[in-house]
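Here is the structure we will look at, set down as structure tokens.
Order of the sequence lines sets the chain letters (A, B, ...), proteins ahead of strands, with each chain counted from 1.
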Amino acid sequence: MGFNELHAEAIAGVVDRVINRYRRDPTCMLQILREVQEACDWVPPEAIDRMQAVLGVPRTKIEGVAGFYSFIYTEPRGQYRVLFSDNITDRMQGNRAMMERLCNNLWVERGKVSEDGLVSVGKTACTGMSDQGPGMLVNNYAIAGLNEGRIDEIAELIRNKVPLGEWPPAYFKIEDNIRRADILLQADFKPGEALLAARARTPSDGLNASNMRSWREGLPSGIGGPAATLDELKRANLRGRGGAGFTTAMKWEACRNAPLKAGLQRIVVCNADEGEPGTFKDRVLLAKCPDLVFEGMTVAAYAVGATRGFVYLRGEYRYLLDHLNAVLAHRRRENLLGKDICGLPGADFDIEIHVGAGAYVCGEESALIESLEGKRGTPRNRPPFPVTNGYLDQPTIVNNVETFAAAALIALNGGDWYAAIGTKHSAGTKLLSVSGDCVRPGIYEYPFGVSIRQVLEDCGATDTQAVQVSGPSGICVAENEFDRIIGFEDIPTAGAFTIFNKSRDMFEVARNYVHFFQHESCGFCTPCRVGTSLLKNLMDKLHYGSGSPYDFAEIEKLNQLLQSMSHCGLGHTACNPVLDTIAKFRPAYEKRMMQQDFTPAFDLDRELSSARQMTGRDDAGAHLETEHGGAA
Amino acid sequence: MSHTFTLDGKTIPFTEGQTIIQAASAAGVFIPHLCYHPEFKAHGSCKLCTVKVNGRQTASCTMRAAAGMVVESETEEINAERRALTQMLFVEGNHFCPSCEKSGNCQLQATAYHLGMMSPHYDHFFPNRAVDASHPEVLLDFNRCILCSLCVRASRDVDGKNVFGLSGRGIKTHLIVNAKSGQLADTDFTLADKAAQVCPVGVILQKRQGFAVPIGARKYDKAPISETAEEGR
Ligand SMILES: Cc1cc2nc3c(=O)[nH]c(=O)nc-3n(C[C@H](O)[C@H](O)[C@H](O)COP(=O)(O)O)c2cc1C
Ligand code: SF4
Ligand code: SF4
Ligand code: FES
């Protein structure tokens, strides 16, 4: 047997082991690819051969899935795969210099694999560590708080081929940085309490008629409990914390009312794909209060009559997986998951964690479901909606991590208690991920209604020019708007609060966000796939000094098109940061208007840069004079 | 209640479950489209078929018709956006119509004419996409692929072969074929496949058939796409 065959056999062994653990279930394809890669450092063609044979799915499907996700590699990527977080906050904290330093130390070119196949160094979208950046991922494990010393040490570890497991544990320590805690973060909560409270709740008058579809209501000890739980949720006036702010009780009720075909079940999904640049509150919630989140999911299962639950954890939070699985195992032992939960006969529910692989769009709920089913993360056509036709065509609720945590507290303390916190239209508290130019970045939990100014004061931000609320999909708030409040009636947010002081160039902020959207567009629909690329090119054109008012007009036209023609929220919001900054920080753009008339994007001198690199020349004679100083 | 809606003021009947484009096409009204084909499940990706329903834009190939809907399609506003979409598709790939065997039979080209597209407007991306000439009967020129996925659906749903698929993400999304080598010759694809006939542009081309029908005498040379779409194609 030749070396290659042996090699193929070893790979087949790895693949078989992983596939068997996933019950030979093709819906687990992404999980299988991810784990095969953890073992082999990439997904070699032989692994795809084996998956094709054992799972019985066409190669096009496997390659299509593998090709969609940034963190799955079908080309060798080195034994150590280093990705620098490239959010605007990482840039402000000097990630570029760190990356240069590591590349120089390791003698490797950015984006390429070193010649000995040992290491590759590249960049990735925000890894959710803005409060302790700059951050990086090494083989998907997060390292935060990079500095020159640490970079040098990491280079040394890689050069000496020290296994990741033997690196100093301090590197992988991620801080919670909780700066202000309220009902969620300081909840004095014992696992199981919320479930017992939900079960103990007796139906209020008139509730019996609301819906008796759930099988659980047919149980002697369970009668009315689920409906009463829904009732509390309605009273609480809880709205989803994932961005769109949909009323949670309405979603749950719709799922519960959705007819169930024989043999199918209802599904509860926790959206922990937190990918919006500058957001990290779900990370902290999962690290600090996993029981509260899981219990919220179990309450949801009880309320809607679901038996199966998923947490879709973003790939960047891979480091949390083992801990979260341990918490789940503990809950199973405590009878808070599994069969007859809390002694309630027939109350069966369990939770499985699926890990993403570097695709922001998978946070969109229908794309998330596609991804859970082991497919490319492309948003579905709607209707039908997930509440009736979700995971494997079953009624499914998808909620944010924070929504579930809040739901657990509502089950515990009641809806009226919750509704009394916050404002009239925005009940409860909100977790903000504060980062950027301030003294105390971290997590701040406030009752809804807090003003931007208050947050800035609390986190020690001075000389503030702008705040980007809700990340690139959200809005950019200028100084004259700092009295506006966080809440669905004014500025809704999933949680990012990114601060820029007056030394920052808001054009570069917008440009960074545009690059993000271009990279994360799923590519399904024409307006977003091509539109975000055109937008990126226009912003780069301005950056290189070839911008003109004509380009402004083009940007506005693209925005109109993206908003009206795109398939999903990503395309709809992709122009927001640019339009906001044009409207509010026009000087940052005007500074770049070297030309009053149109200037072509093509720049002969810039095009010659690869020729310069090949010939090793960079003297004056190797440059062309361009009229508008494009060579600068 | 009557099963009708209005489309640009015209009353269109529909049956339960029909999409707007299906009802419109049955009533002889043309709505531009590229990824929709009456024989396949709607995809909703090209967005050319976007219309305004009660004031909100949506793809007419995936939107179910409902009684009383007020739908706008042939307005200057919508057509301007459709034109921008065709321009985007032109610059995203490499579409050199005069040298393309599909010219005159190409839905993208015909749609661009229909919409009055006079120039590509945007800067060309000039992507570098290799041609696959490995198959004895068929040439794949990926330069013109608009990612409509019709071949994917035809091969999967009709031929039962899964010869085609999409991989990559975003602007890097691209068509792949079902072979370890990535070459069409190493698949079970044949000219008799449904997937060999559905490509609306010039990607899947039969070999040795060049200019069998001269340019000038081809489908859309004789009549615009809005009039040749009688079978809903
Ligand atoms: C491009 C895109 C990305 C999204 N990312 C997330 C995410 O990371 N987490 C999240 O909870 N919701 C995200 N959402 C919103 C979800 O689609 C969905 O509305 C939400 O998970 C519902 O939960 P909620 O009602 O509890 O907020 C995203 C939406 C879009 C369009
Ligand atoms: S808008 Fe963008 S992300 Fe959403 S479906 Fe279209 S291409 Fe994909
Ligand atoms: S090859 Fe043709 S049919 Fe297939 S996706 Fe591309 S354009 Fe569509
Ligand atoms: S034809 Fe409807 S989106 Fe393509």
Side-chain angles (χ1 to χ4, degrees), chain A residues 45-46 48-49 52 57-70 74 358-361 376-384 517-534 536-538 541 554 557-558 560-561 563-567 570-571 600-602, chain B residues 34-35 41-48 50 52 56-59 61-64 77-78 80-82 84-93 121-125 146-149 152 155-156 161-182 187:
Chain A
E46 296 80 7
I48 298 179
D49 287 345
Q52 188 182 5
V57 291
R59 185 172 207 99
T60 32
K61 204 163 171 221
I62 305 170
E63 288 180 350
V65 171
F68 186 86
Y69 298 90
S70 295
T74 51
Y360 162 74
V361 72
R376 294 164 61 77
T378 306
R380 292 177 174 177
N381 289 311
R382 285 163 300 175
F517 283 127
Q518 194 268 345
H519 187 257
E520 298 301 331
S521 166
C522 83
F524 171 76
C525 71
T526 313
C528 175
R529 183 183 70 241
V530 189
T532 52
S533 292
L534 290 167
K536 171 186 167 214
N537 292 348
L538 282 170
K541 183 180 174 188
E554 282 298 296
K557 262 169 52 190
L558 279 172
Q560 172 63 34
L561 191 83
Q563 269 177 2
S564 61
M565 294 271 189
S566 292
H567 184 68
L570 190 151
F602 183 79
Chain B
L34 290 172
C35 69
K41 188 165 180 267
H43 199 234
S45 64
C46 76
K47 301 297 176 198
L48 254 295
T50 301
K52 225 179 219 179
R56 274 201 66 198
Q57 290 190 189
T58 177
C61 67
T62 52
M63 184 72 171
R64 295 271 176 92
E77 181 198 354
I78 296 174
E81 294 196 351
R82 289 179 181 149
L85 289 179
T86 57
Q87 287 168 323
M88 285 182 174
L89 289 170
F90 268 91
V91 301
E92 182 191 25
H121 183 82
Y122 302 109
D123 291 326
H124 282 276
F125 289 40
I146 57 170
L147 308 170
C148 69
S149 102
V152 179
S155 184
R156 182 189 60 206
K161 287 187 178 178
N162 288 295
V163 170
F164 299 101
L166 294 181
S167 189
R169 185 179 77 212
I171 198 72
K172 293 185 181 149
T173 308
H174 60 276
L175 196 70
I176 54 170
V177 303
N178 195 3
K180 193 173 181 180
S181 65
T187 69

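Of the two parts of A/Lys61, neither the backbone nor the side chain holds a non-hydrogen atom closer than 4.5 Å to a non-hydrogen atom of chain B. Of the atoms belonging to B/Leu147, it is side-chain heavy atoms, and not backbone ones, that fall under 4.5 Å from chain A. Contacts of B/Val163 with chain A are made by backbone atoms alone, with heavy-atom separations under 4.5 Å and no side-chain atom involved. Both the backbone and the side chain of A/Gln560 come within contact range of chain B, each with at least one heavy atom under 4.5 Å from a heavy atom of that chain. The part of B/Glu92 that comes within reach of chain A is its side chain, from C-beta onward, which places non-hydrogen atoms under 4.5 angstrom from that chain. Contacts between A/Thr378 and chain B at a heavy-atom distance below 4.5 Å are absent for every atom of the residue. In this structure, no portion of B/Leu34 lies under 4.5 Å from any heavy atom of chain A. In this structure, the portions of A/Arg529 lying under 4.5 Å from any heavy atom of chain B include both its backbone and its side chain. For A/Ile48, no part sits under 4.5 Å from any heavy atom of chain B, backbone or side chain. Proximity to chain A involves both the backbone and the side chain of B/His43, based on heavy atoms less than 4.5 angstrom apart. Both the backbone and the side chain of A/Ala359 come within less than 4.5 Å of a heavy atom in chain B.
Atom OG1 of A/Thr60 is separated from atom CG of B/Asn178 by 4.0 Å, given to the nearest 0.5 angstrom. Expressed to the nearest 0.5 Å, how far NZ of B/Lys47 lies from CE of A/Met565 amounts to 10.0 Å. Of the inter-residue distances, the one linking A/Ser521 atom OG with B/Lys172 atom NZ reads 12.0 Å to the nearest 0.5 angstrom. Atom-to-atom distance recorded for A/Asn381:CG and B/Met63:CE is 11.5 Å, nearest 0.5 angstrom. With rounding to the nearest 0.5 Å, the separation of OG1 in B/Thr187 from CZ in A/Arg59 is 13.0 Å.
Between B/His121 and A/Lys557, some side-chain heavy-atom pair lies under the 4.5 Å cut-off. For the pair B/Phe125/A/Leu534, a side-chain contact is recorded, criterion being any heavy-atom separation below 4.5 Å from C-beta on. Two residues are said to be in side-chain contact when any heavy atoms from C-beta on lie closer than 4.5 Å; A/Pro527 and B/Leu85 meet this criterion.
When all heavy atoms of B/Met88 and A/Thr526 are compared, the closest pair comes out as SD-O, 4.1 Å.
The choice from A/Ser564, A/Gly531, A/Cys525, A/Pro45 that makes the most heavy-atom pairs within less than 4.5 Å of chain B is A/Ser564. Among B/Asp123, B/Leu48, B/Thr173, B/Leu166, the residue with the largest count of heavy-atom pairs under 4.5 Å with chain A is B/Leu166. Of the listed residues (B/Ala179, B/Ala84, B/Ala59), the one with the most heavy-atom contacts under 4.5 Å to chain A is B/Ala179. The choice from A/Arg376, A/Gln563, A/His567, A/Glu554 that makes the most heavy-atom pairs within less than 4.5 Å of chain B is A/Arg376.
Other residues, nucleotides and ligands contribute more than 12 heavy atoms inside 6.0 Å of the NZ atom of B/Lys180. Surrounding CZ of A/Arg382 are more than 12 heavy atoms belonging to other residues, nucleotides or ligands, all under 6.0 Å away.
Every side chain to side chain contact (heavy atoms under 4.5 Å, CB included) that A/Glu520 has, sequence neighbours left out, goes to A/Ala125, A/Tyr360, A/Phe516, A/Leu570, B/Arg169.
No side-chain N or O of B/Ser167 forms a donor-acceptor pair with one of A/Glu63 less than 3.5 Å apart.
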